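Following: one structure in structure tokens, then a few remarks.
For clarity, every value in this text was computed on a predicted model and none was experimentally measured.
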Amino acid sequence: MGVRLIENCRLTGKIIVSPRAWEYEREAGILLKNVFETMTQNEARLTFEAEGGVIIIGSAMFFYGERQREYSADEYSWYTKNAKVFIDGGERGLACAVRDFLESIGCLMGVDGVEKIPLFCDLGIPEKE
């Protein structure tokens, strides 16, 4: 089935960060918001509310019944489930998870961040566990 991320040049849902998120989780959400706004040339929503999420970050996974693992500072994971993308990791690992996810959808990552962001009007990705 996969995850439909972009339709009609818009992110299909919201980027969700917990209201009690760590600073590095909020930073990951802001980066993803900025990248998806560039990809679609439209606003992407980053919110602390649980409803309507398509990309779920860190401790916000709880809202969707997903158990958050305990990670060392450098560990991370991202996967898809129930038409959503879950991105999680330790303090430094979460940035690696975001980078890995963005590379999987065609972004070119450089030492200082995102170097190339493709434009999309439609984008889906396959299930990944």
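Panel note: side chain Arg99, backbone Gly110; a donor-acceptor pair is recorded below 3.5 Å. In terms of modelled atom types and a separation under 3.5 Å, the side chain of Arg26 and the main chain of Ala21 share a donor-acceptor contact.
Closest non-hydrogen pair, Val98 versus Ala28, comes out as CG2-CB, 3.8 Å. When all heavy atoms of Arg4 and Val54 are compared, the closest pair comes out as O-CG2, 4.0 Å. Residue Ile117 comes nearest to Val35 through the heavy atom pair CG2-O, 3.8 Å, listed as atom of the first residue, atom of the second, then distance.
A heavy-atom distance below 4.5 Å is not found between the side chains of Thr38 and Val114. Residues Lys84 and Tyr64 form a side-chain contact, since some pair of their non-hydrogen atoms from C-beta on lies under 4.5 Å apart. Between Asp122 and Ile6, the closest side-chain pair of non-hydrogen atoms is not below 4.5 Å. Side chains of Thr80 and Ile125 form a contact here, defined as non-hydrogen atoms less than 4.5 Å apart. The shortest side-chain heavy-atom distance between Ile16 and Glu49 does not fall under the 4.5 Å cut-off. A heavy-atom distance below 4.5 Å is found between the side chains of Cys107 and Met39.
Counting only residues at least two apart or in different chains, ring pair (Phe, Tyr, Trp, His ring centres under 6.0 Å) contacts with residues 65-95 comprise Trp78-Phe101, Tyr79-Phe86. Within the structure, the ring pair (Phe, Tyr, Trp, His ring centres under 6.0 Å) test picks out no pair touching residues 28-54 (sequence neighbours left out).
The side chain to side chain contact (heavy atoms under 4.5 Å, CB included) test with Leu123 singles out one residue from Thr12, Leu5, Val3, Thr40, and that residue is Leu5.
No continuous path of ILVMFWY side-chain contacts below 4.5 Å connects Leu94 to Ile56, so the two sit in separate hydrophobic clusters. Note on Ile105: it clusters hydrophobically with Met109, by side-chain heavy-atom contacts below 4.5 Å among ILVMFWY residues.
Side-chain contact of Ser59 with Glu25: a donor-acceptor pair under 3.5 Å is present, judged by distance alone. Side chains of Asp88 and Gln68: a donor on one and an acceptor on the other come within 3.5 Å.
In this structure, the disulfide (SG to SG under 2.5 Å) partners of Cys9, at least two apart in sequence or on a different chain, are Cys121.
Surrounding CD of Glu51 are at most 12 heavy atoms belonging to other residues, nucleotides or ligands under 6.0 Å away.
Between Arg69 and Glu75, at least one side-chain N (NZ, or NE/NH1/NH2) sits under 4.0 Å from a carboxylate O, which counts as a salt bridge.
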